[in-house]
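The structure appears right after this line, and notes come after that.
Numbered from 1 within each chain, the chains take letters A, B, ... in sequence-line order.
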There are 2 protein chains.
Amino acid sequence: MIRRIPQARDRGIPDATVARLPLYLRALNGMAERGTATVSSEDLALAAGVNSAKLRKDLSHLGSYGTRGVGYDVQYLIYQISRELGLTQDWAVAIVGVGNLGRALANYGGFASRGFRIAGLLDADPHVVGDRIAGLVVEHADELESVISKRGVSIVVIATPATAAQRVCDRVIAAGVTSILNFAPVVLAVPDGVDVRKVDLSIELQILAFHEQRKANGGPIMAEEWPDGVVM
Amino acid sequence: MIRRIPQARDRGIPDATVARLPLYLRALNGMAERGTATVSSEDLALAAGVNSAKLRKDLSHLGSYGTRGVGYDVQYLIYQISRELGLTQDWAVAIVGVGNLGRALANYGGFASRGFRIAGLLDADPHVVGDRIAGLVVEHADELESVISKRGVSIVVIATPATAAQRVCDRVIAAGVTSILNFAPVVLAVPDGVDVRKVDLSIELQILAFHEQRKANGGPIMAEEWPDGVVM
DNA sequence: GTGCCTTTGTGAAGCAATGCACAAAGTCGA
DNA sequence: TCGACTTTGTGCATTGCTTCACAAAGGCAC
């Protein structure tokens, strides 16, 4: 029997919907700050950058939290989405690799405000170990397993160079972590039951370049051949 | 008449395929470095983390570049994918906002090696202007329009705080830029014909938290109610 | 109450992406 | 030259996502 990786659809919530919930949450938080009490699907959709039918269908997967003729109660919806995403609890996150990117992540305000607590910063470079960043002291990567178990870390962010990523990945999985956010430009091999999400900064630029090229050429490009002199 | 935004499908390449091409390219570059001459769809798919049928279908959108019974020539495929993505030309990129994230991006090696040349670093903070990062001197944000036009910048990366992002966005669009990579946690409003891709670091963590919560609960969670004391 | 107006929630249709399975095409050894 | 073997390229069925369009639900004015 193959054990399926738990997916969104375990309770019928499509992955595409889950990926948009944080967007709605952000829009709602903005509205809450501005004192808005209720919001229609039309307005919320506009603020989140999607169309209103999609928004309503997404929300309908969570339950029926709107009032016909009125809209959604902002505070209530914030609570329901937060709960669904698991943001009503506190998540301990460790960041491995404290280069520029690791520092940027450690200082990023968007984490703390959403229930993510940076519980450890680790790096293999002795020159970095001991630095104080965002109120934490950088620890040596040797401490990885002990930091994870002692501080209840359940999500690890890998911001190391590509060459170190798989080794770090193996170690954190051995230590019991099953959720990994990977910024290193490699495909991590993981066993079933472990979730990896990846962010590759250069992939996004490449996709933009593709579209930019299309625009510049004003249409289908000529079939340019393999340049002379290159031997297959 | 509504002018359609140029999409991948203008030449029949689905967006989902475009999004995977950079993945294949990275895997192929790794193989080329290791001296591999040809690769089967099976092996390449494994290295890229997709299944082989999908890989073959993706590549078939570019043309028929494989040899039956043998596989794909690594160098040739690298060239074809690079050309399709527009990486055989040089793209001048400007990064606006030189905080930790902007610095991380400026120092990220993955850009230069793929035809992306950082042509300018800009920031509004006088304390940062003049700093030397990755071989470039940070310029004042006032220079934005002149940097874009004088250096032929066609892609702009926004790594500013959320509050500044829309203003920067408007200015770069006015200056003729139509491709934007946005790291600020806001939905940018842009006219038709402008491509925006966004990367939100906290959204990825929220999606992980959702799945982690599901795993921890071992199944559908109880319908927890709106806590007492909170008034709708 | 009653009836009008607004806005949700959702079937159903349409569209895009995925995965299967195999014929066609090519290599290579004998 | 031939036949066995490998691997591509793709038609087709399936799945998943999006969008439409409207009935049902609720608020509000009178």
**Prompt:** Nearest-Å distance, NZ (Lys54(A)) to C1' (dA16(C))?
**Reply:** 12 Å

**Request:** Verify side-chain contact (heavy atoms from CB on, under 4.5 Å) between Leu87(A) and Gln206(B), making sure each step is shown before the conclusion.
**Result:** CA-CA 7 Å; Leu87(A) 306 183; Gln206(B) 293 177 57; 3.5 Å; yes

**Fill in**
Separation of dT8(D) atom P from Asp73(B) atom CG, nearest Å, is 13 Å

**Request:** Quickly work out the Ile13(A) CD1 to dC17(D) P distance and round it to whole Å.
**Result:** 12 Å

**Asked** Are Gln80(A) and Tyr76(A) linked by a side-chain donor-acceptor pair shorter than 3.5 Å?
**Response** yes

**Item:** Distance in angstrom units between Arg20(B) CZ and dA16(C) P, rounded
**Value:** 15 Å

**Message:** What residues from residues 31-44 of chain B pass a heavy-atom cutoff of under 4.0 Å to DNA chain D?
**Reply:** Ser40(B), Ser41(B)

**Item:** Flag, side chain of Gln75(B) to backbone of Ala32(B), donor-acceptor distance under 3.5 Å
**Value:** no

**Fill in**
Atom CG of Leu59(B) and atom P of dT18(C) are separated, to the nearest Å, by 14 Å

**Item:** By side-chain contact (heavy atoms from CB on, under 4.5 Å) - contacts of Ala175(B) (at least two apart)
**Value:** Glu145(B), Ile148(B)

List the atom pairs, donor and acceptor, that lie under 3.5 Å between side-chain atoms in residues 21-28 of chain A and the rest of the protein, sequence neighbours left out.
| unit_1 | atom_1 | unit_2 | atom_2 | d |
| --- | --- | --- | --- | --- |
| Tyr24(A) | OH | Arg20(A) | NE | 3.4 |
| Tyr24(A) | OH | Asp58(A) | OD2 | 2.5 |
| Arg26(A) | NE | Pro185(B) | O | 3.2 |
| Arg26(A) | NH1 | Asp200(B) | OD2 | 2.2 |

**Asked** Separation of His61(A) atom NE2 from dG16(D) atom P, in whole Å?
**Response** 12 Å

**Request:** For residues Tyr79(A) and Thr88(A), determine if any side-chain heavy atom of one lies less than 4.5 Å from a side-chain heavy atom of the other.
**Result:** yes

**Message:** Main chain of Arg83(B), side chain of Gln213(A): is a donor-acceptor contact present, judged purely on distance under 3.5 Å?
**Reply:** yes

**Message:** Between Glu42(B) (side chain only) and Ser52(B) (backbone N and O only), is there a donor and an acceptor less than 3.5 Å apart?
**Reply:** no

**Item:** Sub-4.5 Å side-chain heavy-atom contact between Leu77(A) and Leu59(A)
**Value:** yes

**Message:** Asn182(B) vs Glu204(A), test: side-chain contact (heavy atoms from CB on, under 4.5 Å). Steps then yes/no.
**Reply:** CA-CA 10 Å; Asn182(B) 178 34; Glu204(A) 299 299 326; over 6 Å; no

**Prompt:** Between Gln166(B) and Asp170(B), do the side chains contain an N or O donor and an N or O acceptor separated by less than 3.5 Å?
**Reply:** yes

**Asked** Between Ser179(A) and Glu212(B), is any side-chain donor less than 3.5 angstrom from a side-chain acceptor?
**Response** yes

**Message:** OP1 or OP2 of dT18(D) versus the side-chain N and O atoms of Asn51(A): is any pair under 4.0 Å?
**Reply:** no

**Item:** Evaluation steps, side-chain contact (heavy atoms from CB on, under 4.5 Å), between Phe183(B) and Leu201(A)
**Value:** CA-CA 10 Å; Phe183(B) 285 88; Leu201(A) 309 172; 3.6 Å; yes

Show each protein N/O and nucleotides 10-13 of chain C N/O combination with a separation under 3.5 Å, one pair to a line.
| unit_1 | atom_1 | unit_2 | atom_2 | d |
| --- | --- | --- | --- | --- |
| dG11(C) | O6 | Lys57(A) | NZ | 3.3 |
| dA12(C) | N6 | Lys57(A) | NZ | 3.2 |

**Message:** Less than 4.0 angstrom between a side-chain N/O of Tyr72(B) and OP1 or OP2 of dG9(D), yes or no?
**Reply:** yes

**Prompt:** Can you check the Leu62(B) CG to dT10(D) P distance for me, whole Å?
**Reply:** 12 Å

So which protein N/O to nucleotides 28-30 of chain C N/O distances come out below 3.5 Å?
none

**Prompt:** If you fit an axis to the five pairs at each end of the helix from dG1(C)-dC30(D) to dA30(C)-dT1(D), how big is the angle between those two axes, to 10 degrees?
**Reply:** 10°

**Derivation and outcome, side-chain contact (heavy atoms from CB on, under 4.5 Å), residues Phe111(B) and Ile118(B)** = CA-CA 8 Å; Phe111(B) 293 160; Ile118(B) 312 280; 4.0 Å; yes

**Item:** Length of the CG-C1' vector between Asp58(A) and dT18(D), whole Å
**Value:** 10 Å

